Amino acid sequence: MSRHWLLKSEPEAFSWTEQQARGVEPWTGVRNHLAKQHLRAMRLGDLAFFYHSNTGREIVGIVEVVREAYPDPTAESGDWVCVDVRARQTLPRPVTLAAIKADPALAGMALLRQSRLSVSPVTAAEWAHLCALGGLP
DNA sequence: GCCAACGTTGGC
DNA sequence: GCCAACGTTGGC
């Protein structure tokens with residue numbers, strides 16, 4: 001039973017296009033304790049939405065966790081972790097933040113309740129709903 | 001331990 | 001560019 005997540009990235013810093021080009025990419029730079037807990041809870045094979053924050057404000061793709069939490073090499077202290085993710089697929093239709101906010105079925109999403117959290121959990125129901133909105137079978 | 005000041009995130 | 005949310009820092 002794999003769990004589901006949502007990862008935020010500003011496209012100016014690291015975009016979905018770059019993720020696709022790189023294949024496997026370490027998800028580094030998380031410096032928030034709750035986000036760190038979520039990184040540590042990720043398991044091989046878990047899937048995560050790739051969300052463009054700030055510019056775009058939409059879910060654009062899906063990545064798969066291919067390496068579980070290990071020390072973030074970009075952290076000065078050893079206190080932070082990262083995971084490796086691989087691009088899996090692009091959503092046929094990006095799901096915008098506006099669409100998420102307008103949908104009562106998604107009102108409980110951590111994305112909406114904690115706007116500054118860069119790594120957040122997604123429930124199975126939310127995942128299925130978002131996939132449908134994104135044009136996946 | 002409280003809280004004001006400050007910095008960062010991220011939507012608008 | 002503005003500002004709300006919220007985490008961190010530092011004086012007391």
Side-chain angles (χ1 to χ4, degrees):
Chain A
M1 173 62 82
S2 63
R3 279 169 289 188
H4 301 99
W5 311 94
L6 182 144
L7 300 173
K8 287 187 192 177
S9 183
E10 294 188 36
E12 287 84 358
F14 185 69
S15 71
W16 176 240
T17 302
E18 289 171 87
Q19 173 70 58
Q20 286 180 294
R22 303 276 188 91
V24 173
E25 179 75 7
W27 200 267
T28 57
V30 171
R31 298 293 183 270
N32 170 284
H33 289 286
L34 184 53
K36 174 189 168 185
Q37 282 180 245
H38 293 143
L39 286 177
R40 293 189 58 85
M42 290 183 183
R43 293 296 170 257
L44 276 183
D46 281 3
L47 300 178
F49 287 124
F50 192 111
Y51 174 83
H52 276 164
S53 63
N54 230 318
T55 304
R57 271 162 277 139
E58 57 190 9
I59 297 171
V60 290
I62 294 174
V63 295
E64 175 182 0
V65 175
V66 295
R67 183 178 173 188
E68 295 180 5
Y70 61 97
D72 182 343
T74 71
E76 289 179 19
S77 72
D79 296 341
W80 301 104
V81 299
C82 61
V83 298
D84 287 356
V85 296
R86 172 187 287 135
R88 259 187 79 130
Q89 66 186 141
T90 302
L91 289 192
R93 288 195 308 264
V95 180
T96 65
L97 180 64
I100 293 170
K101 283 190 158 181
D103 194 326
L106 301 173
M109 281 192 71
L111 174 70
L112 301 182
R113 298 204 319 273
Q114 289 165 280
S115 62
R116 291 182 55 195
L117 188 58
S118 62
V119 181
S120 58
V122 176
T123 68
E126 290 162 352
W127 183 268
H129 197 83
L130 286 162
C131 285
L133 289 178
L136 296 175

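None of these values were measured; they are calculated from a predicted model. Every chain is numbered from 1 and lettered A, B, ... according to where its sequence line falls, protein lines coming before strand lines.
DNA chain C is contacted by both A:Ser115 and A:Arg31; A:Ser115 maps to the nucleotide lying nearer its 5′ end (nearest heavy atom per residue).
In this structure, a donor-acceptor pair under 3.5 Å is absent between the side chains of A:Ser53 and A:Arg116. Looking at A:Trp5 and A:Ser120, their side chains never bring a donor and an acceptor atom within 3.5 Å of each other. Judged by distance alone, the side chains of A:Gln20 and A:Thr17 never bring a donor and an acceptor atom under 3.5 Å apart.
Atom C1' of nucleotide B:dG11 and atom CE of A:Met109 are separated by 16 Å, given to the nearest angstrom. Between A:Glu12 atom CD and B:dG10 atom P the separation is 12 Å, expressed in whole Å. Here the P atom of nucleotide B:dG10 and the CG atom of A:Leu6 are 11 Å apart, to the nearest Å. Distance CG (A:Asn54) to P (C:dC2): 16 Å, rounded to an integer number of Å. Between the NE2 atom of A:His52 and the P atom of B:dT9 there is a distance of 17 Å, rounded to whole Å.
For A:Lys8, a side-chain nitrogen or oxygen approaches OP1 or OP2 of B:dG10 to under 4.0 Å. For A:Tyr51 and B:dT9, the shortest distance from a side-chain N or O to OP1 or OP2 is not below 4.0 Å.
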Throw together a table of side-chain donor-acceptor distances under 3.5 angstrom for residues 56-64 of chain A, partners on residues two or more places apart or in other chains.
unit_1, atom_1, unit_2, atom_2, d
A:Arg57, NE, A:Asn54, O, 3.1
A:Arg57, NH2, A:Asn54, O, 3.3
A:Glu64, OE1, A:Arg88, NH1, 3.2

With the criterion being N/O to N/O and under 3.5 Å, what pairs connect the protein with nucleotides 4-8 of chain B, and how long is each?
unit_1, atom_1, unit_2, atom_2, d
B:dT8, O2, A:Arg116, NH2, 3.1

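Between the side chain of A:His4 and the backbone N or O of A:Leu47 there is no donor-acceptor pair closer than 3.5 Å. Put simply, the side chain of A:Gln19 gets close to the backbone of A:Gly23: a donor and an acceptor are under 3.5 Å apart.
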